[in-house]
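Here the structure is laid out as structure tokens; the discussion comes afterwards.
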Amino acid sequence: MIRNLSELFETEEKSFYQRVIRAIQDIPKGKVATYGQVALVAGNPRAARQVSYILHSSTEKYALPWHRVVNSKGNISLKPKKGYELQMKLLKKEGIVFDKKNCIDLKKFGLSPNSFNIQD
DNA sequence: CTCGTGACTCCCG
DNA sequence: TCGGGAGCCACGA
């Protein structure tokens with residue numbers, strides 16, 4: 001479990017790609033992280049899009065909890081019939097709650113800013 | 001080296 | 001509130 005940014009940067013993983021993998025694996029069950037957050041933790045605040053690319057190509061290979069990654073609004077970015085329903089199902093199973101608009105309350109289920117933060 | 005590819009975000013009207 | 005448009009970026013071909 002990565003506790004802070006320093007620890008993350010000190011890992012063997014050198015590429016953004018590898019760090020993203022680590023970051024995602026570090027998302028605790030019952031919580032969700034946004035693409036932007038993952039990108040931030042991986043060291044590139046602007047590479048949110050890249051995170052999706054990585055997920056798409058390595059989800060199975062690294063057994064990533066991909067369903068815990070949602071967009072900044074707390075929505076599932078996948079399109080219906082393309083994983084959307086599956087993701088929602090998996091999240092609900094972990095206790096995540098969706099509101100009327102199928103949004104997740106990030107205040108409640110999103111990673112707190114300190115989860116990956118330096119000030120434990 | 002250049003180009004295509006996104007499960008993203010931010011900003012504006 | 002909601003939708004469109006532009007910015008952004010690593011990785012593979």
Side-chain angles (χ1 to χ4, degrees):
Chain A
M1 168 81 117
I2 296 170
R3 297 212 199 79
N4 56 54
L5 295 176
S6 318
E7 181 182 336
L8 180 60
F9 289 126
E10 288 171 10
T11 62
E12 306 294 315
E13 324 298 354
K14 35 342 187 177
S15 71
F16 171 75
Y17 183 92
Q18 293 297 324
R19 291 202 296 273
V20 168
I21 301 296
R22 292 275 309 239
I24 295 176
Q25 296 179 319
D26 207 41
I27 301 173
K29 181 180 179 182
K31 292 276 188 172
V32 296
T34 67
Y35 295 89
Q37 234 167 359
V38 174
L40 174 63
V41 174
N44 293 37
R46 310 281 181 74
R49 291 186 86 187
Q50 194 52 25
V51 174
S52 66
Y53 174 85
I54 294 173
L55 254 54
H56 196 282
S57 64
S58 315
T59 292
E60 294 183 17
K61 186 183 302 179
Y62 295 85
L64 300 175
W66 60 274
H67 55 281
R68 298 185 191 138
V69 184
V70 297
N71 65 31
S72 63
K73 305 188 209 69
N75 284 158
I76 288 176
S77 291
L78 293 174
K79 294 174 183 176
K81 301 303 178 183
K82 289 201 172 184
Y84 180 93
E85 297 176 8
L86 172 60
Q87 179 166 16
M88 180 178 279
K89 178 182 175 184
L90 291 172
L91 289 175
K92 286 184 175 179
K93 193 185 300 180
E94 295 191 350
I96 304 297
V97 177
F98 293 76
D99 65 17
K100 304 169 186 175
K101 297 178 182 177
N102 290 322
C103 285
I104 295 171
D105 182 354
L106 294 179
K107 299 276 187 178
K108 193 172 183 180
F109 302 104
L111 286 178
S112 67
N114 297 326
S115 295
F116 285 117
N117 206 347
I118 302 174
Q119 45 182 308
D120 76 9

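In what follows, chains are A, B, ... by sequence order, proteins preceding strands, each numbered from 1. Remember, it's a predicted structure, so these values are computed and weren't measured experimentally.
- When all heavy atoms of A/Leu111 and A/Pro28 are compared, the pair lying nearest together is CD2-CD, 3.5 Å.
- When every heavy atom of A/Phe16 is checked against every heavy atom of A/Ala39, the shortest pair comes out as CE1-O, 3.9 Å.
- For residues 54-71 of chain A, the set of pairs meeting the salt bridge (charged side-chain N to carboxylate O under 4.0 Å, His left out) definition, not counting sequence neighbours, comprises A/Arg68-A/Glu94.
- With both ends at atom C1', the span from B/dA7 to C/dA13 equals 22 Å, rounded to whole Å.
- The interatomic distance linking A/Glu60 (CD) with B/dA7 (P) rounds to 16 Å, in whole Å.
- Heavy atoms only, all atoms of each residue included: A/Val38 and A/Ala33 are closest at CG2-CB, 4.2 Å.
- Between the A/Gln37 side chain and the A/Val32 main chain, no donor and acceptor come within less than 3.5 Å of each other.
- Listed by chain and number, the residues in a side-chain contact (heavy atoms from CB on, under 4.5 Å) with A/Leu90 are A/Trp66, A/His67, A/Leu86, A/Lys93 (sequence neighbours excluded).
- Contact between A/Pro65 and A/Ile24 at its shortest, heavy atoms only, is CG-O, 3.3 Å.
- If you check every strand for non-hydrogen atoms under 4.0 Å, A/Ser57 touches nothing.
- Summarising the geometry, atom CD1 belonging to A/Ile21 is positioned 7.5 Å from atom CG belonging to A/Leu55; distances are rounded to the nearest 0.5 Å.
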Can you give each donor-acceptor pair under 3.5 Å made by side-chain atoms of residues 97-106 of chain A, sequence neighbours left out, with the distance rounded to 0.1 Å?
{"unit_1": "A/Asp99", "atom_1": "OD1", "unit_2": "A/Lys101", "atom_2": "N", "d": "2.7"}
{"unit_1": "A/Asp99", "atom_1": "OD1", "unit_2": "A/Asn102", "atom_2": "N", "d": "3.0"}
{"unit_1": "A/Asp99", "atom_1": "OD1", "unit_2": "A/Cys103", "atom_2": "N", "d": "2.8"}
{"unit_1": "A/Asp105", "atom_1": "OD1", "unit_2": "A/Lys107", "atom_2": "N", "d": "2.9"}

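- Sorted by residue number, the members of residues 75-100 of chain A with any non-hydrogen atom under 4.0 Å from DNA chain B read A/Ser77, A/Leu78.
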Decide yes or no on side chain to side chain contact (heavy atoms under 4.5 Å, CB included) for A/Tyr62 and A/Gln18, but give the supporting numbers first. CA-CA 10 Å; A/Tyr62 295 85; A/Gln18 293 297 324; 3.8 Å; yes

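- Separating the NE2 atom of A/His56 from the C1' atom of B/dG6 is a distance of 9 Å, rounded to the nearest angstrom.
- Pairs engaging residues 30-55 of chain A under the salt bridge (charged side-chain N to carboxylate O under 4.0 Å, His left out) rule: none recorded [sequence neighbours left out].
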Show the distances under 3.5 angstrom between N or O atoms of the protein and N or O atoms of nucleotides 10-13 of chain B.
none

Between the protein and nucleotides 1-4 of chain C, are there any N/O to N/O pairs under 3.5 Å, and if so, what are the atom names and distances?
none

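- For A/Gly95 against A/Phe109, the heavy-atom pair with the smallest separation is O-CE2, 3.6 Å.
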Could you pull out every donor-acceptor pair under 3.5 Å between side chains of residues 73-85 of chain A and any protein atom, sequence neighbours left out?
{"unit_1": "A/Ser77", "atom_1": "OG", "unit_2": "A/Asn71", "atom_2": "ND2", "d": "3.2"}

Under 3.5 Å, N/O pairs linking protein and nucleotides 9-13 of chain C:
{"unit_1": "C/dC9", "atom_1": "O2", "unit_2": "A/Gln50", "atom_2": "OE1", "d": "3.3"}
{"unit_1": "C/dA10", "atom_1": "OP1", "unit_2": "A/Asn44", "atom_2": "ND2", "d": "2.8"}
{"unit_1": "C/dA10", "atom_1": "N3", "unit_2": "A/Gln50", "atom_2": "OE1", "d": "2.8"}
{"unit_1": "C/dA10", "atom_1": "N3", "unit_2": "A/Gln50", "atom_2": "NE2", "d": "3.0"}
{"unit_1": "C/dC11", "atom_1": "OP1", "unit_2": "A/Tyr17", "atom_2": "N", "d": "3.4"}

